[in-house]
Amino acid sequence: MSMIGPGAQIGSPLPQGQLVGNYPSYEAAMAAIDKAVGAGVDPRFLSIVGRDLRSVYRLRHRPSYAAVAGRGALQGAFFGLFIGLLISMMSGGQDMTMTLGSTVVMGAVIWVLFGVIGEVMRRKQLKYAVIPSMSAVSYDIVVDNAVASEVTSALGSQPKGQAPTPPPAAESPAQPPAQPSVDSSTSVQEPAESNDTESSRGIPDLPDGRPQFGVRVDESAEQEPNEDPERAEQDSSEQR
């Protein structure tokens, strides 16, 4: 339903007072107003406030060219009849039938031509008829504080503050699984262990296995004489 009617003041302040009811339709709010006025409440203290105003554009099929021509012919005939009566009155009523017939036919033809041409131009812009209107999701009844008790007693308990159901929120994207928590002591010790390993390994070898610098010495061969010197002396004495 259109919310802008005759006598509407654009930019007027909202009514101040007490909210006594919230209704899903304008007709239900008007029924409550009628009930309150029937109980003796002055209608000047009552107001209907639309909540969540929205623009609604309803689409309809455009009328056929035959319907447009018929409507134009009817409008043109009435307009021609009016013009014919004026002409007949000015001419003194001479040839009134001829005058009325000619003006009616001329008016019908002219209106048909303009109606069909206008419909052709409109169909080039839009293939459907659009009917704009303003509507509200719900309607509040606001009354002056001076008559709030009278209205409440006349209407009884009324639904209040029923806000429209909000649209469902968009689903959030799936979050990646949480990474397992790592103990801080373990994370601190890992670099130290890696450093120890690198230091024990020393300089890395070449890809073919040879050392980068010098010649590799077999440490086990060097340690054997050092580990058993007495056995070495006995072997030398036996050879003598």
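Source: prediction; values computed, not measured.
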Decide yes or no on side chain to side chain contact (heavy atoms under 4.5 Å, CB included) for V142 and V20, but give the supporting numbers first.
-> CA-CA 6 Å; V142 180; V20 297; over 6 Å; no
Taking atom CG of D144 and atom OG of S47, what is their separation to the nearest 0.5 Å?
->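 Output value for this atom pair is 9.0 Å.
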Between side-chain atoms of residues 101-123 and protein atoms elsewhere (two or more places apart, or another chain), which donor-acceptor pairs fall under 3.5 Å?
residue: S102; atom: OG; partner: M98; partner atom: O; Å: 3.1
residue: S102; atom: OG; partner: T99; partner atom: O; Å: 2.9
residue: T103; atom: OG1; partner: G80; partner atom: O; Å: 2.9
residue: T103; atom: OG1; partner: T99; partner atom: O; Å: 2.9
residue: T103; atom: OG1; partner: L100; partner atom: O; Å: 3.0
residue: E119; atom: OE1; partner: R122; partner atom: NH2; Å: 3.1
residue: E119; atom: OE2; partner: R123; partner atom: NE; Å: 3.2
residue: R123; atom: NH2; partner: P63; partner atom: O; Å: 2.4

Side-chain heavy-atom pair [X], [Y] within 4.5 angstrom cut-off:
| X | Y | value |
| --- | --- | --- |
| V137 | R51 | no |
| D42 | V147 | no |
| M96 | L85 | yes |
| M30 | I48 | yes |

Determine the minimum heavy-atom distance between [X] and [Y], stating which atoms define it.
| X | Y | answer |
| --- | --- | --- |
| V56 | S135 | CG2-OG, 3.2 Å |
| L53 | A136 | CD2-CB, 3.7 Å |
| A32 | I141 | CB-CD1, 3.5 Å |
| L19 | G21 | CD1-O, 3.3 Å |
| A148 | Q18 | CB-OE1, 3.0 Å |

Shared hydrophobic cluster for F82 and I87 (ILVMFWY, side-chain gaps under 4.5 Å) |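 Yes, F82 and I87 fall within the same hydrophobic cluster.
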Sequence-distant partners of R60, salt bridge (charged side-chain N to carboxylate O under 4.0 Å, His left out), two or more places apart |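 So R60 forms no salt bridge (charged side-chain N to carboxylate O under 4.0 Å, His left out) with any residue.
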Within the 6.0 Å centroid threshold, strictly below: Y26 and Y139 =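 Ring centres of Y139 and Y26 closer than 6.0 Å.
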